[in-house]
Number of protein chains: 2
Amino acid sequence: MGERYLKSIRLLAECMQGFERLSGEHVRQCGLTHAQFDIIATLGNTPGMPYKELGDKTLITKGTLTGVIERLEQKGLVERERSLDDKRSWFIRLTPRGEQLFREVFPRVVSLGAAVFSGYGDDDFAALEKTLSGLKQVITAGGA
Amino acid sequence: MGERYLKSIRLLAECMQGFERLSGEHVRQCGLTHAQFDIIATLGNTPGMPYKELGDKTLITKGTLTGVIERLEQKGLVERERSLDDKRSWFIRLTPRGEQLFREVFPRVVSLGAAVFSGYGDDDFAALEKTLSGLKQVITAGGA
DNA sequence: TATTGTTATACTCTATAACTATA
DNA sequence: TATAGTTATAGAGTATAACAATA
């Protein structure tokens, strides 16, 4: 009785795993690892963000993040700029080439989604968004 | 217009990330890595399954799986048995100690869930299960 | 010939802790 | 003292390909 949510969690995990199975191939094809794509996707469509914030959003610890950013920098996909306010801090953003990759890869992953959701109507999306929003809220509230 | 599902995918990813953030600590505390917990959780509450099936379910490729299973075997948490039907194949199951760990760790992760979902009623669960089931169906159909 | 699982390789991620520079 | 990020270390996951045994 107290474990009904287990079914939901299992479903949630299966959905994510299914989506990763679909998208993973495209991610690898463009020469990115999972962690690297995570960074690119997080920086995409933003003006960039502080190093710290990037680590918090992607759940990558600072020691690891240094290496991941370094490899993306070597590939010319992201760039770092020292913050003026706080000289300890760095601001990370996609380079034009990084932006280009984001715009190439994301739509490819996205087109998979488009096919998957071709049968979804407005009501279906509304229901999905509503339930997931609620779920997100209780989950993140529990962590804070 | 054709990209409305992006919002749902983002929500889905955020929910999973939130849940991993909550559960990750407990997983690590019992000395398991993410991949190892994935195996334990997949084998839990089953009589075991062939090596191949385990790899398919966890998305761990065969070369990697050998190492992960090896480390779990060294810890005395899983055991392998040669299949009688097909001598190339192995059957993997939790040892009694592995079962015990599963029963200790899973409830701890589960108790987090119980707190998170304390405000959910029958209708909330029904809605969540319905939308996620539909999502799972279209995602896995697209992959097959 | 195809499939199951192992081995080998090279690289990436990971947690952790000690460290530097700035606040 | 505290925080942002780097460096060092040891272990684990990852893709890939070549390989053995079996089907």
Side-chain angles (χ1 to χ4, degrees), chain A residues 17 20-43 48-75 77-93, chain B residues 17 20-43 48-75 77-93:
Chain A
Q17 197 178 53
E20 272 169 18
R21 193 191 293 265
L22 284 178
S23 62
E25 195 183 338
H26 288 274
V27 171
R28 252 174 286 122
Q29 272 177 2
C30 65
L32 294 178
T33 65
H34 183 274
Q36 288 169 9
F37 179 74
D38 208 4
I39 299 291
I40 300 286
T42 303
L43 289 175
M49 65 188 68
Y51 190 99
K52 182 70 162 55
E53 187 181 339
L54 192 54
D56 289 342
K57 286 202 174 180
T58 56
L59 293 187
I60 299 177
T61 53
K62 58 185 185 179
T64 303
L65 192 55
T66 297
V68 178
I69 294 294
E70 207 171 80
R71 285 180 280 274
L72 287 173
E73 210 176 7
Q74 281 169 3
K75 290 179 181 177
L77 299 175
V78 307
E79 60 190 4
R80 297 187 297 180
E81 190 180 325
R82 209 178 258 288
S83 169
L84 297 174
D85 313 339
D86 186 338
K87 284 183 180 170
R88 296 171 304 183
S89 177
W90 292 86
F91 196 83
I92 319 281
R93 68 168 65 86
Chain B
Q17 198 177 52
E20 273 169 18
R21 195 191 292 266
L22 284 178
S23 62
E25 196 184 336
H26 288 274
V27 171
R28 250 174 287 124
Q29 272 177 3
C30 66
L32 294 178
T33 65
H34 182 274
Q36 288 169 11
F37 179 74
D38 208 5
I39 299 291
I40 299 287
T42 303
L43 289 175
M49 64 188 69
Y51 191 99
K52 182 70 163 55
E53 186 180 341
L54 192 56
D56 289 342
K57 286 202 174 181
T58 55
L59 293 186
I60 299 176
T61 53
K62 57 184 184 179
T64 303
L65 193 55
T66 298
V68 178
I69 294 293
E70 206 170 80
R71 284 180 281 275
L72 286 173
E73 211 176 5
Q74 280 168 5
K75 290 179 181 177
L77 299 175
V78 307
E79 60 189 5
R80 296 187 298 181
E81 191 181 325
R82 209 178 257 288
S83 168
L84 296 174
D85 313 338
D86 184 339
K87 284 185 182 172
R88 296 170 305 179
S89 177
W90 292 87
F91 197 81
I92 318 283
R93 68 168 64 87

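None of the values given here were measured: they were computed from a predicted structure. Letters A, B, ... mirror the listed sequences (proteins, then strands); counts begin at 1.
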Taking the side chain of [X] as its heavy atoms from C-beta onward, which of [options] lies nearest to it?
X: A:Thr66; options: D:dT6, C:dT12, C:dA23; value: D:dT6
X: B:Ala35; options: C:dT3, D:dT14, C:dT14; value: D:dT14
X: A:Tyr51; options: C:dT6, D:dA15, D:dT6; value: D:dT6
X: B:Trp90; options: C:dT6, C:dA23, D:dT6; value: C:dT6
X: B:Arg88; options: D:dG13, C:dC13, D:dT22; value: D:dT22
X: A:Gln36; options: D:dG13, C:dC13, C:dA23; value: C:dC13
X: A:Asp86; options: D:dA15, C:dC13, C:dA23; value: C:dA23
X: A:Ile60; options: C:dT14, D:dG5, C:dA23; value: C:dT14

What is the separation between atom [atom1] on [X] and atom [atom2] on [N], rounded to the nearest whole Å?
X: A:Met49; N: D:dA4; atom1: CE; atom2: P; result: 16 Å
X: B:Glu81; N: C:dG5; atom1: CD; atom2: P; result: 14 Å
X: A:Asp56; N: D:dA4; atom1: CG; atom2: C1'; result: 12 Å
X: B:Ile69; N: D:dG13; atom1: CD1; atom2: C1'; result: 13 Å
X: A:Glu53; N: D:dG5; atom1: CD; atom2: P; result: 11 Å
X: A:Glu70; N: D:dT6; atom1: CD; atom2: P; result: 8 Å
X: B:Arg82; N: D:dA20; atom1: CZ; atom2: P; result: 16 Å
X: A:Lys75; N: C:dC11; atom1: NZ; atom2: P; result: 12 Å

Have a look at [X] and say if it touches a base, only the backbone sugar-phosphate, or nothing, with a 4.0 Å heavy-atom cut-off.
X: B:Lys62; result: base
X: B:Lys52; result: sugar-phosphate
X: B:Thr33; result: sugar-phosphate
X: B:Gly63; result: base
X: B:Asp38; result: nothing

Next on the checklist: C:dT6, OP1 or OP2 - any side-chain N/O from B:Arg80 closer than 4.0 Å?
Outcome noted: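 Yes.
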Checklist entry - Does A:Ser89 make a side-chain N or O approach to OP1 or OP2 of D:dG5 shorter than 4.0 Å? => result yes
Inter-residue atom distance [X].[atom1] - [Y].[atom2], 0.5 Å rounding:
X: A:Ile39; Y: A:Leu65; atom1: CD1; atom2: CG; value: 5.0 Å
X: A:Ile40; Y: A:Gln36; atom1: CD1; atom2: CD; value: 8.0 Å
X: B:Arg71; Y: B:Leu32; atom1: CZ; atom2: CG; value: 12.0 Å
X: A:Ile69; Y: A:Leu54; atom1: CD1; atom2: CG; value: 5.0 Å

Checklist entry - What's the shortest heavy-atom distance between B:Thr42 and B:Met49, and which atoms? => result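 Minimum heavy-atom separation between B:Thr42 and B:Met49: O-CE, 3.7 Å.
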Item to check | Whichever of A:Thr61 and A:Lys87 has its nearest DNA chain C nucleotide further upstream toward 5' | outcome: A:Thr61
Next on the checklist: Could you check whether atom NZ of B:Lys52 has more than 12 heavy atoms from other residues, nucleotides or ligands sitting under 6.0 Å from it?
Outcome noted: no
